[in-house]
Amino acid sequence: MARRQYPFHLIEPRWQEQWHAGQTFRAFNPGELIPAGHPFGIRHQLGGKAATAEELPPKFYILDMFPYPSGAGLHVGHPEGYTATDILARYRRAQGRHVLHPMGWDAFGLPAEQYAIKTGQHPRVTTAANIANFTRQIRSLGFSYDWSREVDTTDPGYFRWTQWIFLQLYNAWFNPATRRAEPISTLEYPAGCDTEARRRAYRDSRRLAYVAEAPVNWCPALGTVLANEEVVDGKSEVGGFPVVRKPMRQWMLRITAYAERLLEDLDRIDWSDSLKEMQRNWIGRSEGAEVDFQLEGHGERIRVFTTRPDTLFGATYMVLSPEHRLVAEIATPAQKAEVERYQRFAAGRSDLERAELSKEKTGVWTGAHAINPVNGARIPVWIADYVLASYGTGAIMAVPAHDERDLAFARTFGLPVVQVVRPPDAGTAWEGYCDEGTAVNSSGPGLVLDGLPTAEAKRVVTAWLVEKGLGQRTVNFKLRDWLFSRQRYWGEPFPIVWKADRETGARHHEALGEGELPLMPPELDDYKPTEDGQPPLARATAWLELPGGTVRETNTMPQWAGSCWYYLRYLDARNGTAFVSAEAERYWMTGRPGTGTGPAPASGVDLYVGGTEHAVLHLLYARFWHKVLFDLGHVSTPEPFHKLVNQGLILGEDGQKMSKSRGNVVNPDDVLREYGADAFRLYEMFMGPLSETKPWNTQGVEGVYRFLGRVWRLFVDDASEVEFEQACAADPGNAAAHLARVRLAASIAEGEATPGQLKALHACIRKVTDDLEHLRFNTAISAMMVFVNEALAWTSKPAGVLA
RNA sequence: GCCGCCGUGGUGAAAUGGCAGACACAGGGGACUUAAAAUCCCCUUCCCGCGAGGGAGUGCGGGUUCGAGUCCCGCCGGCGGCACCA
C-alpha cells in the first residue's frame, strides 16, 4: 500500500459518526417538531418549533434509485449516482433549500428466494444480512441521507401499503369519457346486467386490476410468468432462461388505459430525449383505420387494422393470425387439415424461434376469399404467424407493393403485387417497395385517390369508409396490459380471496378490507416453484384455506410493485395510518416558490438519478401507478419524477462490462480502504460526464487522491505533519489525539488578498457554481484543481481566500 | 431493418459558433535521496527542424459563415433501445 496522503482513515469515520448521531441531514415534515439544537432548525430559525408548510423553506427532493441488496454487496456503479445526488443535496442545502434525500431497499426479489431454495434459509434472514452489509457500505461513503426515512419493501409496515395501493387499482375502473380512473362504484351497468352475478362479471371485467386467461410468458427455469418488459429476445431478463408462451390465468393491470396519457405527459417532464423516445417506442402509438372486408359466401366480415388505408387498392390478399377466431370457420374442407397443421406449428414456436426466423415467412391459404371494399376485388385469405393475434385486430390486409413484410410473403408464395403509390423521386426505378408518395392505380366507383399525396389520400379514403359504414379512424398501441402476478414466495401476497358460490360452486375473487392489511405471507419450508405453475404459497394449506370454502390468492406481486411507489413512502415513512399524509405529500411533491436560491421547486421529485436499465420497466410502471393515485385523489401531481438523469455505466479496467466471470469487478470496500471515501467519490465524479459510459482506472483514483493530498498540504503545516506521522508511528493507539495537534500552515495568515488571488478564487467559484447547476461534476473538479495548483504557489495565502 | 445517442492526443476527457486538447492518467527528463517510495519542477497532438520556427490536425466527403470540433446535407464506424406492432 502506498503511503497515505492524508489521514482520511481518522477524519472520515469521525464525521460520519457525528452526522449519524446528530441526524444532521434529517428533513422535517410540516408539523413535525424540529429539535432545538438541530442544524436545520438553527439555520432557518425554526429550532424547537413544529413548522407549518408555509414556514418551512422551499423543498428540494433528490432521489436515488434504491438498490436491490444483493449478496454481492455494493457495486462501484451504485456510488456514481449516489455521489452525484449527494453533491447536489449538499449544494442545495447550502443554498437554503429544505432537501429531502432518502435511501432504502428494494428487497423482494428472486436471488434471495433462489438462495433459500438452495440452502433452506429463509429469505428474510439473507435479506436482513444483505441490508446490513449495504448499510455499512453506503454509510462508509459518507452520503448525507436522512436515515430516519429508510424504507424496506419487505417490511410489513411497507408492503401493507403496497397491498393497499393494489386495492385502489382493484377498486377502480378507467372511465374513457373522463379519461381518468374512478371508484368502481361509479361504474354504470349496461342493459342486461340484471343479476348480481352478471353485474359482478361486468365489474370484474372493468377493474384496473383484473384476472385474465391469456397466453403469457412462462419461464420454466424460474418457475414463474414474466411481464413483456422482462422478456428480452425470448429469454428472461433475469438469468437469460428460455421463455415460452402458455395460456394461464393471471392478474393483469390495465396500463393500456393510460397509454395516451403516459405518452402525452412525457412532454411535461425533464428527461433525456433518448429515454423519452424509449418510452414512446414502447407505448408505440400508431394512427390508422379499421376496415371491414366481407368474406365471400359467408356472413362474417374480417376487420383489419392498417396505418395505410390509402393503399387499400393495392391489397392483394389478407392474412389472419393463426389464433384468429374466424380461422376454423372459414377454412374450406380442402384446406382444413393443412390449416390445422399450421396452427399447431405456430403454437409450438417459441418467441425466440419466431424472432430468429423472422426473415423466413411461413403460412397457408385458408381456401377462403374476401372482397376488397374499394374495388370489389376477390382476394385470398391466408393465415401466417407474422401477423400477431395480440396487436390490432389480429388480421391484416396485405399490400405487398408498399410493405416489406407483405412483399416477402408475396414473393414466397407467388401472390400478386400491385403498385398504388408512386415515390416522389419518380426518376428512380421502383424496386417493389416504397413508403410515401402519390397515389396511382387507386380509383374505383365513387372513390378517386389518384394524384393525391399519401397524407391526403389517407384522409379521403377514411372519410369514404366511414360514410359507407366500412371502417373508422383508429389508434392502436403496442403497449400491453401489465402481467402482475408471479409464482414466487418472496413477494407481496395479493390481498385477495376466492369465494365459492353456494349454488354453482364457481369461484370469484373479492378484496380483503383495508383493516386486514398487511396480509403476511405464510411460513414455508419449501420455496421451490412447481413445474405446472402452481405458486409455492399453494402448499401452505393452513394459510390458504379459510372458512366456507374460501381460499386465498396464492400468486405474489412482482418486484416492481414495491419500487412503484417508494418515493412516496419516503415522504412519510413511519405513518401507520396512511401510505403518506396528505400534508407531507403536498409539501414535498408540489413546488412552492420561496426564499433560497436555485431553481423553482418542481412538481414531483426535483431530481431522480439512476441507471438506464429501468427505462421501460420501473419508470413506466411508477408513472402508471402515480397517475392512478392522482386520479383517485391520493397524490397531487400527475407525474412522479420531474427531472431524471441516467448515470452512465462504469466498465472494468479492460473496458468490458464488469462481471465476476471476467474477473474485472472493482470492489468499493477495497478502494475505500486504500484511498478513502473522498477520493473514491471524487474519482467517480472526475471520470467524465455523469451520463457517459466510462472505464474504471485505478491510476485515475490515485490522481484525485494526490489532489486531495495537495489540498491537505495546502492547509497543514509541514513540521506538524511530520510530528503527526512520527507520533502515530510511536503510539498508533492515539492517532486521533495526534491529529488534533496538527497546525495550520504558517503561510496561511490574515491579510489582504491580492487582485490576482481574488480573481483566481472567483473564477473558481463561478465555474463550480455553474457546473453544479448542470451536473457537470468533472469540470467543476478540474476548476478546483486549477485553483489549488495556483494557491500552492502563493507565498502568502490569505485565510479569507482559502476558507 | 427502424429509432436515439456518440465519434477530439497513447488513455479518461475539456472547449456560449471565436487561440482545439483545460484538468488528469500514462510516458519521458530533472531535483531531493546512499537508494527507493513519496514530493516538487520541466516536456509530452502529429510531421519537418539542432533551433528559432514551419506545416497538418477534432471519423470521411461536401455546404453555410469573416470564422465550424460545435450548425446543415450525404457517407463510414461505435454504443444503446426496439425488432414481423401492419
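A, B, ... follow the sequence lines: proteins, then strands. Residue 1 opens every chain. Heavy atoms only: backbone and side chains are in, while hydrogens, waters and symmetry mates are out.
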Asks: Hunt down the Watson-Crick or G-U wobble partner of B/C5, both distances under 3.5 Å, from any strand shown, or write none.
Replies: B/G78

Asks: Hey, does A/R280 reach any base, or is it just sugar-phosphate, or nothing, if we go heavy atoms under 4.0 Å?
Replies: nothing

Asks: Under 4.0 angstrom, heavy atoms only, what part of the nucleic acid is A/G703 near: base, sugar-phosphate, or nothing?
Replies: sugar-phosphate

Asks: Which nucleotide, B/A15, B/C3, B/C25, lies nearest any side-chain atom of A/N281?
Replies: B/C3

Asks: Starting at CH2 of A/W382 and ending at P of B/A86, how long is that distance when rounded to a whole Å?
Replies: 23 Å

Asks: Over how many whole Å does the gap from A/F777 atom CZ to B/A22 atom P extend?
Replies: 23 Å

Asks: Determine the contact category for A/N778: base if any of its heavy atoms lies under 4.0 Å from a base atom, sugar-phosphate if only primed atoms, P, OP1 or OP2 are that close, otherwise nothing.
Replies: sugar-phosphate

Asks: Using purine N1 to pyrimidine N3 plus N6-O4 or O6-N4 for Watson-Crick, or N1-O2 and O6-N3 for G-U wobble, both under 3.5 Å, which nucleotide pairs with B/A83?
Replies: none

Asks: Report which part of the nucleic acid A/S286 touches: base, sugar-phosphate, or nothing (heavy-atom distance under 4.0 Å, all strands).
Replies: sugar-phosphate

Asks: Distance check needed: B/A24 C1' versus A/R706 CZ, whole Å only.
Replies: 9 Å

Asks: How close or far is atom P of B/C5 from atom CH2 of A/W271, stated in whole angstroms?
Replies: 17 Å

Asks: Judged by each residue's nearest nucleotide on RNA chain B, which is more toward the 5′ side, A/Y391 or A/W282?
Replies: A/W282

Asks: With the side chain of A/Y386 defined as its heavy atoms from C-beta on, choose the nearest nucleotide among B/C84, B/C23, B/A15.
Replies: B/C84

Asks: Report the base-pairing partner of B/G53 (Watson-Crick or G-U wobble, both distances below 3.5 angstrom), or none.
Replies: B/C48

Asks: Just call it for A/R285: base, sugar-phosphate, or nothing, with non-hydrogen atoms closer than 4.0 Å on any strand.
Replies: nothing

Asks: Need the pair for B/C23. Rule: Watson-Crick or G-U wobble, both distances under 3.5 Å, any strand; none if unpaired.
Replies: B/G12

Asks: Measure CZ/A/R776 against P/B/G12 and give the value in whole Å, please.
Replies: 21 Å

Asks: Is it the case that A/Y342 and A/T362 place a side-chain donor and acceptor less than 3.5 Å from each other?
Replies: yes

Asks: For B/C73 versus B/C3, give the span between their P atoms, rounded off to a whole number of Å.
Replies: 14 Å

Asks: Within the structure shown, what part of the strands sits under 4.0 Å from A/F477 by heavy-atom distance: base, sugar-phosphate, or nothing?
Replies: nothing

Asks: Whether the A/W560 and A/E230 side chains hold a donor-acceptor pair (N or O, under 3.5 Å, no angle test) is what I'd like checked.
Replies: yes

Asks: Are any of A/Q5's side-chain N or O atoms less than 4.0 Å away from OP1 or OP2 of B/U39?
Replies: yes

Asks: B/A31 pairs with which nucleotide, Watson-Crick or G-U wobble, both distances below 3.5 Å?
Replies: B/U39

Asks: Fit a plane to each ring of A/W382 and A/F413, take the angle between them on a 0 to 90° scale, and name the class: parallel (under 30°), tilted (30 to 60°) or perpendicular (over 60°).
Replies: tilted

Asks: For the residue pair A/Y683 / A/N697, report whether a side-chain donor-acceptor contact shorter than 3.5 Å exists.
Replies: no

Asks: Paired with B/G67: which nucleotide, if any, by Watson-Crick or G-U wobble criteria at under 3.5 Å for both distances?
Replies: none

Asks: Nearest whole Å is fine: how far is B/U16 P from A/D771 CG?
Replies: 10 Å

Asks: Determine whether more than 12 heavy atoms belonging to other residues, nucleotides or ligands lie under 6.0 Å from atom CG of A/D267.
Replies: yes

Asks: Among B/A24, B/G12, B/C25, which nucleotide sits nearest the side chain of A/R710?
Replies: B/A24

Asks: Taking the side chain of A/S274 as heavy atoms from C-beta outward, which of B/G4, B/A86, B/C25 is closest to it?
Replies: B/G4

Asks: Scan A/N789 against the nucleic acid and name what it touches under 4.0 Å (heavy atoms): base, sugar-phosphate only, or nothing.
Replies: sugar-phosphate

Asks: Classify the nucleic acid contact of A/T693 as base, sugar-phosphate or nothing, counting any heavy atom under 4.0 Å across all strands shown.
Replies: sugar-phosphate

Asks: Is a side-chain donor-acceptor pair under 3.5 Å present for A/Y675 with A/Q5?
Replies: no

Asks: With under 30° as parallel and over 60° as perpendicular, where do the rings of A/F409 and A/Y386 fit, or are they tilted in between?
Replies: tilted

Asks: On a plain distance test, is the side chain of A/K478 in donor-acceptor contact with the base of B/C82 below 3.5 Å?
Replies: no

